[in-house]
Amino acid sequence: MTEVRTTGLEAAASNWRHWQPGIFPVWAVTFLALGLSTTALAVLDSQLGAYGNSLGLPWFGGSLILGLGLCGTVLAVARTRRSARFLLACATVVLGALAAMGLILLSGQDSLQSFDPSMPPLLGAYVAGCAVLALSLACFVPAVRRFLARVLPMQPDNFVHAISIAWTVQVIGWVVLSFVPFNRPLLYAMFEADMESLASSETATLVSLCSTLVWSIPTALLAIGFPLTRNLGCALARLGLGSVRWRGISIGFLVGIGLAVFITVAEQWIVSLVAQTGLPMTEAELFEELASLPTSLMGAVLLGLSAGISEELLVRGVLQPRLGIVLANLVFAMAHGLQYGADGLIVVFLLGLLFGVIRMRLGLAPAIVAHAVYDIVLVVAHQWST
């Protein structure tokens, strides 16, 4: 009987899912890649001299999401170390207090163009700021966690779950309250206050999209505990990428096209319906100046891939299994709250719910395809209309 021997490459290929390197080599390689790529882009930009040294900023801005991955690593450490738990709790209080101070400073101002730091803040700002901070800190109370565990997929005695909910409450609360001072998305007020740096060229937008796409992948893996508590196979399964089937991919593709057609047809109806509520609305001209949407087919594809992969990885992959579909998609909608009004946020939330259902039923890959195709079709339709 002939003995069949497995080569080193074949053995490595069959065991790649069990890959679990040390945390320090992973972070060393990640930060080395970040530093080299950012430096190379800055040098290239200065050599070209065509964009006023503007490309490094959007690249680095997109890479800031690596901070979420760092938080995931710290959370994994916090499972067994009280010092890490203490530091995270302190960070929650400090960040919440800083956000409250920002809201209080903005209250009572007519606009950022005529910002007057001596103007006394409104009492409502104090109350709202304290309320959001108190609600987030309440998530550390055992009785509150036990109550939340009835409706959320969380373990009431797990500190990691508790602080995840606390941070979620803060994100939702502060974005909602950011509408209050000027009754519009905060980026619009900042843009009109002569903050030209917020305006983006199309090239800078493409660089930012590349940055977000590249860094969202290690961020998602690190945020769920790879490689501290999960090997690569377990991490992919946790994200919803355990297995990919062509049937699911096909369904995602068709759903993406269908959603894009529906939103294009129903856009005016949605806007007019939400406008009747009196809530702040998306200002199309300002949004286009801020976003600087791609004008080429390649740019549209890049935008779709960047949004589809990064947002689905981080929201439906990382957050949804922990926060549940509704709360995770509230975070998803609020992540767009600095640039969209109520009409845009409602659409984003409903789309997120549908992508979340696809992720639950078919896995993350079909949700990524649906999201990417939806964005590509909408951007191409916008290019044709203009």
Rounded to the nearest 0.5 angstrom, the CD1-CG distance for Ile251 and Leu362 is 5.0 Å
Are the side chain of Gln170 and the backbone of Val132 linked by a donor-acceptor contact shorter than 3.5 Å?
-> no
Using atom types as modelled and distance alone, determine if a side-chain donor or acceptor of Asp343 lies under 3.5 Å from a backbone N or O of Thr282.
-> yes
Taking the side chain as C-beta and beyond, is there a heavy-atom pair between Asn231 and Trp19 under 4.5 Å?
-> no
What heavy-atom pair brings Pro185 and Gly337 nearest, and what distance separates the two atoms?
-> CB-O, 4.0 Å
Side-chain donor or acceptor of Ser306 paired with backbone N/O of Leu303 under 3.5 Å | no
Hey, quick one: are Val77 and Phe24 part of the same hydrophobic cluster, counting side-chain heavy atoms closer than 4.5 Å, chains of contacts allowed?
-> yes
Which heavy atom of Leu228 sits nearest a heavy atom of Ala76, and at what distance?
-> CD1-CB, 3.9 Å
Are Tyr374 and Ile257 grouped together when hydrophobic residues (ILVMFWY) are joined by side-chain heavy atoms under 4.5 angstrom apart?
-> no
Verify same cluster id: Leu319, Leu351 (apolar side-chain graph, 4.5 Å) = yes
Heavy-atom check, side chain of Val373 versus side chain of Ile376, under 4.5 Å | no
For Tyr126, the other hydrophobic cluster members (4.5 Å side-chain criterion, sorted by chain and number) are Ile104
Kindly indicate, with the supporting measurements, whether the criterion side-chain contact (heavy atoms from CB on, under 4.5 Å) is fulfilled by Ile172 and Thr168.
-> CA-CA 6 Å; Ile172 295 173; Thr168 298; 3.9 Å; yes
Exam field: side chain Arg230 to backbone Ala235, donor-acceptor pair closer than 3.5 Å | no
Are side-chain heavy atoms of Leu32 and Trp27 found at a separation under 4.5 Å?
-> no
With the side chain counted from C-beta on, respond yes when Gln320 and Val315 share a heavy-atom pair under 4.5 Å apart, and no when they do not.
-> no
Quick one: does Arg238's side chain have a donor or acceptor within less than 3.5 Å of a partner on Gly233's backbone?
-> no
Measuring from Asp375:CG to Leu305:CG, what's the distance to the nearest 0.5 Å?
-> 10.0 Å
Should Glu283 and Arg184 count as an ion pair when the cut-off is N to O under 4.0 Å?
-> yes
Carefully, step by step, assess Leu232 and His18 under the rule side-chain contact (heavy atoms from CB on, under 4.5 Å).
-> CA-CA 6 Å; Leu232 183 58; His18 300 290; over 6 Å; no
side-chain contact (heavy atoms from CB on, under 4.5 Å) evaluation trace for Trp215 with Ser37 = CA-CA 11 Å; Trp215 298 117; Ser37 58; 3.7 Å; yes
Flag yes if more than 12 heavy atoms outside Arg361 fall under 6.0 Å of its CZ atom; otherwise flag no.
-> no
Do Leu302 and Pro294 have side chains that get closer than 4.5 Å, going by heavy atoms?
-> no
Take Leu103 and Ser178, measure what side-chain contact (heavy atoms from CB on, under 4.5 Å) needs, and give me the verdict at the end.
-> CA-CA 7 Å; Leu103 174 67; Ser178 71; over 6 Å; no
Group every Ile, Leu, Val, Met, Phe, Trp and Tyr by side-chain heavy-atom contacts under 4.5 Å, then state whether Ile358 and Leu239 land in the same group.
-> yes
Exercise: identify the closest heavy-atom pair between Leu323 and Ala328 = CB-N, 4.0 Å
Minimum heavy-atom separation for Cys139 to Leu148, with atom names?
-> SG-CD1, 4.4 Å
Minimum heavy-atom distance between Leu364 and Glu312, given as atom pair plus value | CD1-O, 3.5 Å
Would you say Met334 and Val176 make side-chain contact, with heavy atoms under 4.5 Å?
-> yes
Start with the C-alpha gap between Trp246 and Phe253, add the side-chain angles, then the distance that decides, and say whether ring-ring contact (aromatic ring centres under 6.0 Å, His included) holds.
-> CA-CA 10 Å; Trp246 286 110; Phe253 184 84; over 10 Å; no
Val26 and Pro21, any side-chain heavy atoms less than 4.5 Å apart = yes
Polar side-chain atom of Thr39 near backbone of Leu36 as donor-acceptor pair, under 3.5 Å | no
Can you sort out the partners of Leu88 under side-chain contact (heavy atoms from CB on, under 4.5 Å), two or more places apart, ordered by chain and number?
-> Val74, Leu75, Ala78, Phe159, Ile163, Trp167
Please round to the nearest 0.5 Å and tell me the distance separating atom CG of Asp157 and atom CZ of Arg146.
-> 7.5 Å
Are Arg322 and Gln155 side-chain neighbours, meaning at least one heavy-atom pair lies under 4.5 Å?
-> no
What distance separates Leu350 CG from Phe355 CZ, expressed to the nearest 0.5 Å?
-> 11.0 Å
Any sub-3.5 Å donor-acceptor pair from Gln20's side-chain atoms to Pro227's backbone N or O?
-> yes
Say whether Leu330 and Val318 are linked into one hydrophobic cluster, either directly or through other cluster members, by side-chain heavy-atom distances under 4.5 angstrom.
-> yes
Using the six-membered ring of Phe332, assess whether NZ or CZ of Arg316 lies under 6.0 Å from its centre and within 45 degrees of the ring axis.
-> yes
